[in-house]
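The next block holds one structure in the form of structure tokens; read it before the comments.
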Amino acid sequence: MKSYQKLTTYVPQITEAAEDAADEKPLCHQKLSAWWLGGGLLMVAGLLSGVTVWVLGQIWWSQHETHPLTKCISIPEDLRFDCYPERNVVVTRELCEGRGCCFVDSQQGSGGTSGVPWCFYPPDFPSYTLGSVNETELGMVGFLTRKAKTYYPKDIEKLQLSVEFETDARLHVKITDASSPRYEVPLDVPTAKKKAENPLYAVEFSKEPFGLIVTRKASGTVLLNTTVAPLFYADQFLQISTLLPSAYLYGLGEHQSNFLHSLEWNTLTFWARDVPPTESCNLYGVHPFYLVMEKGGAAHGVFLLNSNAMEVSLQPAPALTWRTIGGVLDFYIFLGPDPNLVVQQYQQVVGFPAMPPYWALGFHLCRWGYGTSNETWETVKAMRNFQIPQDAQWNDIDYMDSYRDFTTDPQKFGALPQLVGDLHKHGQSYVMIVDPGISSTSSPGSYWPYDEGLKRGVFINNTEGKPLIGKVWPGLTAYPDFSNPDTHQWWLENLSRFYSLVPFDGVWIDMNEPSNFMDGSSEGCSQGELDNPPYVPAVLGGSLSAKTICASARQNMSSHYNLHNLYGLMEAKATASALVQIKGKRPFVISRSTFPSQGKYSGHWLGDNRSEWKDMFWSIPGILSFSLFGIPLVGADICGFSGSTSEELCLRWTQLGAFYPFSRNHNTQGEKAQDPTAFSPVARAAMKEALEVRYALLPFLYSLFHRAHLQGDTVVRPLFFEFPKDVATYAIDRQFLWGRGLLVTPVLDPGMDSVIGYFPRGLWYDYYTGSSVNSSGENLKMAAPLDHINLHVREGTILPTQKPGSSTSESRKNPLGLIAALSQNSNAWGDLYWDNGESLDTFAKGDYAYLVFNVTQGTFTSTVLHSNVEATYITVDTLTVYGVREEPKTVVVNGKEWPFTYLTNQVLTVGDLQLNLSQGFYVRWL
Ligand SMILES: *[C@@H]1O[C@H](CO)[C@@H](O)[C@H](O)[C@H]1NC(C)=O
Ligand SMILES: *[C@@H]1O[C@H](CO)[C@@H](O)[C@H](O)[C@H]1NC(C)=O
Ligand SMILES: *[C@@H]1O[C@H](CO)[C@@H](O)[C@H](O)[C@H]1NC(C)=O
Ligand SMILES: *[C@@H]1O[C@H](CO)[C@@H](O)[C@H](O)[C@H]1NC(C)=O
Ligand SMILES: *[C@@H]1O[C@H](CO)[C@@H](O)[C@H](O)[C@H]1NC(C)=O
Ligand SMILES: *[C@@H]1O[C@H](CO)[C@@H](O)[C@H](O)[C@H]1NC(C)=O
Ligand SMILES: CC(=O)N[C@H]1CO[C@H](CO)[C@@H](O)[C@@H]1O
């Protein structure tokens, strides 16, 4: 919706840090870097608490060396692991050697700005030693001991290492304090009952210094080798490094970056933060999960189940360092071996995503600043007038009375209940924003959520045990503590009260990092070790309390220090559960902040992007990454949130956004309208056309969501998931697939009438015409006039489609079409999951239809594997077959001869079928 920076316009008394100015891109976690200028002049540039500081000074080189230079310089630059990751100091030889580390300024090598650390661990830096290892039922346990202290306070001297062979493809490695319990993420994870019998992995240890080595048995590939750098396990500094088998690394969100991460000394930070997406900054969500493609096309994944502030440093060795400031080291390693399986195996641990209601896959429209319910209504009417598909109308915070949750502005939004009634009458849905911050300044007795919240003790407290007060939209606010079960009940009661006034269909939860327009609280934060830990990861703003609440704040389950990154997850859980209780239907929740397992409760939008071409591009790596995180219901604000869009950008973005799993156009206030009706007839028509293609493909999209829900398949899919042996696909993030068979190649630059896309080896059919190209694995240039988005169907795919309507409640009544794109062997396969689109647990209850479509030997077969009453309402009207090489003489449907058309581009169409979906059928061409 909006971030705090916009507040300056409306509540001018709040001052903003320089980094937060709307147009200035904050630089996150730049290290103070130093390089030699002639004559020993050292120039230091860096970022300190959001302010760029330049320091010039004379530093005299000391000849003193603790470590023999040869030992240090013999370590290749790529294998130098940073011994001084702190950013707010200039690392001198004295400081470095004070830690017992090697200091080598690498100006001789790649130069001081390359990222090669000047201060790094020598090979004999003290670490833990592994004692004897005992077999357990599921694997092994051992103790790790450390003799020498490190330079961080409260080293834990004795650790317990447990290794569990949970499944053949899943290894669980946990390192905890051997003597006393530590905070662990309160996530329900499955536990194995017996040891895997034929694991794909082998585990070895280095005892002194301790190291864990995991190899893939089939290829001998070393997936993890933590021997390369010392293990740290202090109370507030835990660090472990590993070599990687390749530089093809993905995941590690939420960040604005290419889908394929750079390993050129790249640090990624994890601490939920409200900031418009910016490269190299910690953003709204936290997903400590990565996937690596190995040589030969196998893939593995690693998940660190830890919710503390952390960072991951990547270096070109290739190697990776995890650095977290609390909790335990709790790793899950997934062996795939193909990337789809890795993501499935990850979701077996964190949970499979919820099945969205069907309407959630329709087109959503929102803006901040409609101003009134009538203006919102006018937009809906304009969309209907032009017959542009729309399923849901949304409102941002302007619907509220003084920005307070669970209220409506009695004047401006007085007609909201009528608007919602009208939406429902037209088979459309209503979604409104709810922020977590609860206004704390209304006079007692006038604002129940606060009064009652206080009474029930549902707010997060400061260290004095009083509700912590920050500032969000309504002004001063308290923050509900969603780790407290009582809070869920209070949240439910307020949502249900509001529902009786405004019968909404879904909830948009924003600002749940949680965001705060002040740092910490209205009274600042304590000076204790939670607010000022010995090591602060590279968070934007330089402090854990930057634009959020104090880390020392007290929540029911633990400190905010531990729970911060879980705020959005816990709020989503409370909200989804409230929706189920209120409506008794599948909940629809879209959350800004996310954490592993979020997909069970909500989808995600990529936050406050800008109306710029570049931001449109960033959305693709964004949705691809969230596919890996098990949150398939994801999209970016179409046409851009902040700034002013152009017709061309908005048109291209609507074409791309028609293929976001979650497709919403959203705009900030004060900018020109950017809904499809706001543009020229030509642009409007092209937008409508793109959305109609989406609506036509919704049965296919819905079936993909079913597979995601059932077993963790991705919906939007990177090309390499389908072509893991084709290295040319590994860096692609300007194209993506829906499932295994629909390739989307959007235009991402202005002024283009063509687009270049990569086509992996095989036959690809133009979705619109059925004409094919036979690619040898090459880049192809295609026409891309303004009214066209390129879509290609992979050989062997069958897509179920449906005649589009003005909303899904309309389109769902229409007949289905089937598009079969034949492989070179003239086969194809597809499926359809169909149910009423809104009931809970339809699959578990058996209230669904599931059909498998198959083409072989000139025969299309629809096989009904499961059926229910919904399927009997639907007919199949048209079968279109792409790649029928010879014109058939006859077509036979269920034994009867049938009329058909055949085009020279090898497209066979059999129409007017009127076959009931719930009954199997065949179509044969001879
Ligand atoms: C391994 O077994 C020995 C003998 O029973 C025991 O003394 C030791 O504590 C065990 N080690 C671990 C890590 O459980
Ligand atoms: C693990 O890394 C260490 C340190 O770089 C190296 O000596 C060792 O050979 C590696 N082990 C394997 C199995 O690759
Ligand atoms: C909204 O429109 C209705 C009917 O068009 C009108 O009666 C009502 O006064 C309007 N409400 C506002 C707040 O403008
Ligand atoms: C916060 O303080 C209230 C009393 O103001 C108390 O009821 C509640 O239990 C406290 N919550 C936590 C997590 O300390
Ligand atoms: C947490 O919430 C439960 C349930 O309301 C309550 O019994 C318990 O005292 C709370 N604990 C703290 C630390 O607030
Ligand atoms: C499609 O039909 C062929 C031939 O009957 C069969 O071999 C194949 O297993 C079928 N595929 C599916 C997915 O049903
Ligand atoms: C603002 C609002 O609607 N608050 C409601 C929250 O829920 C309680 C209990 O149902 C109601 O009494 C409040 O009016």
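Each ligand, and each atom within it, is numbered from 1 in the order the structure gives. Bear in mind the structure is a predicted one, so any value in this text is a computation, not a measurement.
- Each of Trp491, Trp448, Tyr447 was checked for a ring-ring contact (aromatic ring centres under 6.0 Å, His included) with Phe406, and the lone residue meeting it is Trp491.
- When side chains are defined from C-beta on, Ile509 does not count as touching Pro436, because their heavy atoms never get closer than 4.5 Å.
- The nearest protein atom to atom 3 (C) of ligand 1, hydrogens excluded, is given as Asn134 ND2, 3.5 Å; this is a heavy-atom distance.
- When only non-hydrogen protein atoms are considered, atom 1 (C) of ligand 5 lies nearest to Asn556 ND2, 1.4 Å.
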Side chain to side chain donor-acceptor pair (under 3.5 Å) evaluation trace for Ser591 with Ser602:
CA-CA 6 Å; Ser591 177; Ser602 86; 4.5 Å; no
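- For atom 9 (O) of ligand 2, the nearest protein heavy atom is 4.0 Å or more away.
- Both tests pass for Arg146 against the ring of Phe232: distance under 6.0 Å to the centre and angle within 45° of the axis.
- The one candidate from Ser558, Ser559, Ser307 that meets the side chain to side chain donor-acceptor pair (under 3.5 Å) condition with Tyr183 is Ser307.
- Atom-to-atom distance recorded for Ser521:OG and Asn461:CG is 12.0 Å, nearest 0.5 angstrom.
- Closest to atom 13 (C) of ligand 1, if we only count protein heavy atoms, is Phe143 CE1, 3.2 Å.
- Interface of Asn225 with ligand 2, defined as ligand atoms under 4.0 Å from a residue heavy atom, comprises 1 (C), 2 (O), 3 (C), 8 (C), 10 (C), 11 (N), 12 (C), 14 (O).
- Remark: minimum distance from atom 4 (C) of ligand 5 to any protein heavy atom is reached at Asn484 OD1, 4.0 Å.
- With Val228, Ile213, Thr242, Leu224 as candidates, the residue nearest to atom 5 (O) of ligand 2 on a non-hydrogen basis is Val228.
- Taking a cut-off of under 4.0 Å to the non-hydrogen atoms of Gly142, the atoms of ligand 1 that pass are 13 (C).
- Counting only heavy atoms from C-beta outward, the side chains of Asp405 and Asp435 approach each other to under 4.5 Å.
- Each of the following atoms of ligand 5 lies closer than 4.0 Å to a heavy atom of Asp486: 5 (O).
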